[in-house]
Participant: 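Dumping the structure here so I can ask a few things about it.
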Amino acid sequence: MAVQPIRPFTDPVLRTVSEPVTTFDRALRVLVKSLQATMRAGAGRAGLAAPQIGVPLRVVVYELDGRSGHLVNPRLELSERRIVADEACLSAPDRWWPLERSYMVTARGRDMFGKPVTVRALGMLARVLQHEADHLDGTLFVDHLPEEERERFFASNL
């Protein structure tokens, strides 16, 4: 599968709410494989959402600490326990910023064939799933920061 260019923070597609997948066909399988190839093409990549390659569909892929997979139309259940850790985005390369997220998530969705999938994740993988699910709603991780922090992030030259 071809590695796709990753859209930058300034691309309007990243602010678009993605459409649910309704057809589990060959085109969806090609999309999942392209997302995986693109995610794996660079060091330090743990997740990628379809909007980041310009496709406004509710599909994410992840790979971290020996766990990898994909979710189509994911829905997240978040724990109340929260933790602050540095977060980054492939659409804003080499930029890290501390952000509070839920420590644990249960993600439910479908695989590329339409079969139900449940992923339970702690720590960094939970953070990755939350980050990628945000992309499906047109939300960037900096949107969760207080306004003054967000201004500092953007002032530091995207």
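Worth saying up front: this structure is predicted, and the values here are computed from it rather than measured.
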Participant: Do L145 and L99 have side chains that approach each other closer than 4.5 Å (heavy atoms only, starting at C-beta)?
Facilitator: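 SC-SC contact between L145 and L99 confirmed.
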Participant: Are L76 and Y103 grouped together when hydrophobic residues (ILVMFWY) are joined by side-chain heavy atoms under 4.5 angstrom apart?
Facilitator: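 Looking at the clustering, Y103 is in a separate group from L76.
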Participant: Knowing that exactly one of R127, H144, Q130 qualifies, which makes a side chain to side chain donor-acceptor pair (under 3.5 Å) with E87?
Facilitator: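 Of R127, H144, Q130, side chain to side chain donor-acceptor pair (under 3.5 Å) with E87 is met by R127 alone.
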Participant: Under a 3.5 Å distance rule, please check whether H135 uses its side chain to pair with a backbone N or O of P51 as donor and acceptor.
Facilitator: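 The answer is no, because no donor-acceptor pair under 3.5 Å joins these two groups.
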Participant: Treating Ile, Leu, Val, Met, Phe, Trp and Tyr as nodes and any side-chain heavy-atom pair under 4.5 angstrom as an edge, say whether Y62 and L28 lie in one connected cluster.
Facilitator: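 Looking at the clustering, L28 is in a separate group from Y62.
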Participant: When rounded to the nearest 0.5 angstrom, what is the spacing between CD in E132 and CE in M39?
Facilitator: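 That separation rounds to 9.0 Å.
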Participant: Other residues, nucleotides and ligands only: do more than 12 of their heavy atoms fall within 6.0 Å of CG on D86?
Facilitator: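 Yes, the 6.0 Å shell around CG holds more than 12 heavy atoms from other groups.
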Participant: Could you tell me if the side chain of M104 sits less than 4.5 Å from the side chain of R81, heavy atoms only?
Facilitator: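 A side-chain contact is absent here, since even the closest heavy-atom pair is not under 4.5 Å.
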Participant: Is any side-chain heavy atom of P74 less than 4.5 Å from a side-chain heavy atom of R108?
Facilitator: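 Heavy-atom side-chain distance check fails, nothing below 4.5 Å.
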Participant: Quick check: do F141 and D134 have side-chain heavy atoms less than 4.5 Å from each other?
Facilitator: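 When only atoms from C-beta onward are counted, D134 and F141 do not touch, as no gap falls below 4.5 Å.
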Participant: Give a yes or no answer on whether the side chain of S79 reaches the backbone of S102 with a donor-acceptor pair at less than 3.5 Å.
Facilitator: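 Not at all, since once roles are kept as given, no pair shorter than 3.5 Å links the two residues.
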Participant: Could you label the plane-to-plane angle of the F9 and F153 rings as parallel, tilted or perpendicular, counting under 30° as parallel and over 60° as perpendicular?
Facilitator: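 Rings of F9 and F153: tilted, 30 to 60°.
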Participant: Is W97 reachable from I83 through a run of I, L, V, M, F, W or Y residues, each pair having side-chain heavy atoms under 4.5 Å apart?
Facilitator: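 Unlinked, I83 and W97 end up in two clusters.
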Participant: Does the pair R58 and D137 meet the rule for a salt bridge (Lys or Arg N to Asp or Glu O under 4.0 Å), with working shown?
Facilitator: CA-CA 9 Å; R58 301 187 75 77; D137 294 326; 3.0 Å; yes
Participant: So do the side chains of K115 and F24 get within less than 4.5 Å of each other, counting heavy atoms only?
Facilitator: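 Side chain of K115 against side chain of F24, heavy atoms only: no contact under 4.5 Å found.
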Participant: Would you say that L35 contacts T38 through its side chain, given a criterion of any heavy-atom pair below 4.5 Å between the two side chains?
Facilitator: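 Sidechains of T38 and L35: no contact.
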Participant: Within a strict 4.5 Å, meaning less than it, do heavy atoms of the R40 and S68 side chains meet?
Facilitator: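 Yes. Closest side-chain heavy atoms under 4.5 Å.
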Participant: Would you kindly confirm whether V117 and F113 end up in one hydrophobic cluster when ILVMFWY residues are joined by side chain heavy atoms under 4.5 Å apart?
Facilitator: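 No, no single cluster joins them.
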Participant: L48 and side-chain contact (heavy atoms from CB on, under 4.5 Å): which partner among V128, L90, V60?
Facilitator: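 Single pass found, and it is L90.
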Participant: Evaluate the side-chain proximity of V21 to R110: yes if any heavy-atom separation is below 4.5 Å, no if none is.
Facilitator: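 No - every pair of side-chain heavy atoms lies 4.5 Å or more apart.
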